[in-house]
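Below is one structure, written out as structure tokens; comments come after it.
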Amino acid sequence: MASTKDWFETVEEARYRAKKRLPRSVYMALVAGTEKGLTADDNVAAFDEITWRPHVADLHAKRDTATTVMGQEVSMPVLISPTGVQAVHPDGEVAVARAAAAEDVAMGLSSFASKPVEECGAAHSKLFFQMYWVGSRETILARAERARAAGAKGLIMTLDWSFASRRDWGSPPIPEKIDLRNAVKFAPEVLRRPAWLATYLRSGGIPELSVPNLALHGQEPPNFFGAYGEWMGTPLPRWEDVAWLREQWGGPFMLKGITRVDDARRAVDAGVTAISVSTHGGNNLDSTPGAIRSLPAVVEAVGDQVEVVMDGGVRRGGDVVKAMALGARAVMIGRAYLWGMAANGERGVQNVLTIIRQGIDEALLGLGKSSVHELTREDVVLPAGFERR
């Protein structure tokens, strides 16, 4: 379907529209990556090295994309990856939750989200709450229980973050709060994007930089830098902390950020039910291989014991199918849906999910598969040296 004013036909076009619509600082925060951006680039480029082995006859007229992830039935093997402080649209994570519900895919909600878990849980029942190791055990557990009360069906514990923030292309400035001084400072770039500004003004205000899901009941939400400071000041988690939180939660539990087989095995020993092979979108240690390169070894090591999903570099439905052919249960998408929301709000998120759904179906057709569950390593060709073990 050709692009129109209200429809974009590829994720790349969503990215282009987002770049045109957003203030430069906001757009650069979405691009992200650390230092030289090698990992962020390899997350995407690695998919281009994987090629197909298609069939041409006896193809299936109908293809089934449905699966289950962490106990939730979903219409396709795609999950919304949790991303923090979404200042690209005033509806933020609530818009994402509505779009995910409409397309029947599960959503991960960040503990650094701009919208409360209660609002997102009301908008979508298939919600997983993501947590960093921030604060005391008592506080961490209280946040998890707040998410459970709001309807969260599973917990995602993210560990792939080393607080690296240097970027060769320059880090975007993030104000501690939007006061008069900062309003004047950012006015030139905001005024160059009148459509984005008008969307916020119609909603009743400018973006808030608070983190409501790190507050306990009755507390004022901390601002982003206050929450980040608490995170940096918290002693680093140990494997026994992972096992403790998993046991306290008692339900579906994903550990996000695995790239090594030995870590994958330790995660299984800690009792997790799912693993996300992830590089935090290239925002952890730069020069870490793209996530899809680490996926096969992790699947081979623990794929018969836990669900293995992959997060990083997915831009089209064919990427989803490639990951599944290498053993992933599903994939998570981040930048793709954020670009969609920046381009066209809730409808833009649905637009991205529709594009990916169509791409999955087309790849299944070409490969001669009637279901995503029939995909195997024989459906793709990997170049020598592709995998990282």
Side-chain angles (χ1 to χ4, degrees), residues 10-12 39-69 74-79 81 105 258-261 264 274-279 281-282 288-304 306-336 352-353 355-389:
T10 66
V11 170
E12 175 59 21
T39 298
D41 290 344
D42 196 43
N43 272 334
V44 178
F47 278 102
D48 295 340
E49 299 178 26
I50 306 171
T51 53
W52 301 118
R53 302 184 72 241
H55 291 287
V56 295
D58 293 333
L59 306 181
H60 296 274
K62 295 183 178 180
R63 281 79 57 190
D64 181 16
T65 62
T67 189
T68 60
V69 181
V74 290
S75 66
M76 61 176 167
V78 175
L79 288 75
S81 189
V105 299
I258 297 292
T259 60
R260 295 171 55 118
V261 166
I275 283 172
S276 173
V277 177
S278 170
T279 66
T288 302
I292 190 70
R293 299 189 191 276
S294 301
L295 175 66
V298 172
V299 169
E300 181 182 328
V302 302
D304 60 343
V306 294
E307 295 180 6
V308 179
V309 305
M310 194 227 69
D311 186 348
V314 173
R315 301 291 184 267
R316 59 197 80 242
D319 296 341
V320 179
V321 173
K322 289 174 180 179
M324 294 194 74
L326 296 182
R329 178 83 171 198
V331 306
M332 304 178 85
I333 61 170
R335 289 183 179 91
V352 165
L353 291 171
I355 291 168
I356 292 176
R357 185 188 304 280
Q358 292 171 342
I360 294 171
D361 184 71
E362 292 157 4
L364 291 177
L365 173 63
L367 294 171
K369 306 296 182 181
S370 65
S371 168
V372 290
H373 298 289
E374 296 176 358
L375 292 163
T376 72
R377 184 78 169 257
E378 297 303 311
D379 295 312
V380 295
V381 180
L382 300 183
F386 176 84
E387 297 182 43
R388 301 292 187 268
R389 292 179 176 266

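- Put simply, OG on Ser370 and CG on Asp64 are 7.5 Å apart, with the number rounded to the nearest 0.5 Å.
- Taking the side chain as every heavy atom from C-beta outward, Glu387 and Leu382 approach each other to under 4.5 Å.
- One distance of note links CZ of Arg293 with OG1 of Thr259; it measures 13.5 Å at 0.5 Å rounding.
- Other residues, nucleotides and ligands contribute more than 12 heavy atoms inside 6.0 Å of the CZ atom of Arg389.
- The shortest heavy-atom contact between Thr39 and Pro289 is CG2-O, 4.4 Å.
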Practice item. List the steps, then state whether side chain to side chain contact (heavy atoms under 4.5 Å, CB included) holds for Val380 with Thr51. Key: CA-CA 6 Å; Val380 295; Thr51 53; over 6 Å; no
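- Summarising the geometry, atom CE belonging to Met324 is positioned 8.5 Å from atom CG belonging to Leu364; distances are rounded to the nearest 0.5 Å.
- Between the Arg53 side chain and the Glu378 main chain, a donor and an acceptor come within less than 3.5 Å of each other.
- Between Val314 and Met310, the closest side-chain pair of non-hydrogen atoms falls below 4.5 Å.
- Between the side chain of Lys322 and the main chain of Ile50, a donor-acceptor pair closer than 3.5 Å is present.
- Within the 4.5 Å cutoff, no side-chain heavy atoms of Leu365 are placed close to those of Glu362.
- Using a 4.5 Å heavy-atom cutoff, the side chains of Val78 and Thr65 are not in contact.
- A side-chain donor from one of Ser81 and Asp311 sits under 3.5 Å from a side-chain acceptor of the other.
- The minimum heavy-atom distance linking Ala301 with Asp304 is given by the pair O-OD1, 4.3 Å.
- Salt bridge present: Asp361 and Arg63 bring a charged side-chain N and a carboxylate O closer than 4.0 Å.
- Thr68 and Arg329 are linked by a side-chain donor-acceptor pair at a separation below 3.5 angstrom, with hydrogens and angles left out of the test.
- For the pair Lys369/Asp379, a side-chain contact is recorded, criterion being any heavy-atom separation below 4.5 Å from C-beta on.
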Point to revise | Candidate pair Ile275 and Val309, rule side chain to side chain contact (heavy atoms under 4.5 Å, CB included), full reasoning | key: CA-CA 6 Å; Ile275 283 172; Val309 305; over 6 Å; no
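- Side-chain atoms of Thr279 and Asn43 form a donor-acceptor pair, as typed in the model, at a separation below 3.5 Å.
- Inter-residue side-chain proximity for Leu79 and Val69 is flagged as met; some heavy-atom pair is nearer than 4.5 Å.
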Check your understanding: Could you walk me through whether Asp42 and Thr288 pass the side chain to side chain contact (heavy atoms under 4.5 Å, CB included) check?
Key -> CA-CA 9 Å; Asp42 196 43; Thr288 302; over 6 Å; no
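- Across all their heavy atoms, Leu59 and Gly368 have their closest contact at CD2-CA, 3.7 Å.
- Side-chain contact annotation: Arg357 with Ser75, donor-acceptor N/O pair under 3.5 Å present.
- Remark: Arg315 fails to qualify as a cation-pi partner of Phe47 under the 6.0 Å distance and 45° angle criteria applied to the six-membered ring.
- Under the 4.5 Å side-chain criterion, counting only non-hydrogen atoms from C-beta, Leu375 is in contact with Val321.
- Taking all atoms of both residues into account, the shortest heavy-atom contact from Ala297 to Val261 is O-CG2, 3.6 Å.
- For the pair Trp52 and Leu367, the minimum side-chain heavy-atom distance is below 4.5 Å.
- Screening Val320, Ile360, Val331 for a side-chain contact (heavy atoms from CB on, under 4.5 Å) involving Met76 leaves a single residue, Ile360.
- How far OG of Ser278 is from CE of Met332: 8.0 Å, rounded to the nearest 0.5 Å.
- The local environment of CZ in Arg388 is crowded, with over 12 non-hydrogen atoms from other residues, nucleotides or ligands closer than 6.0 Å.
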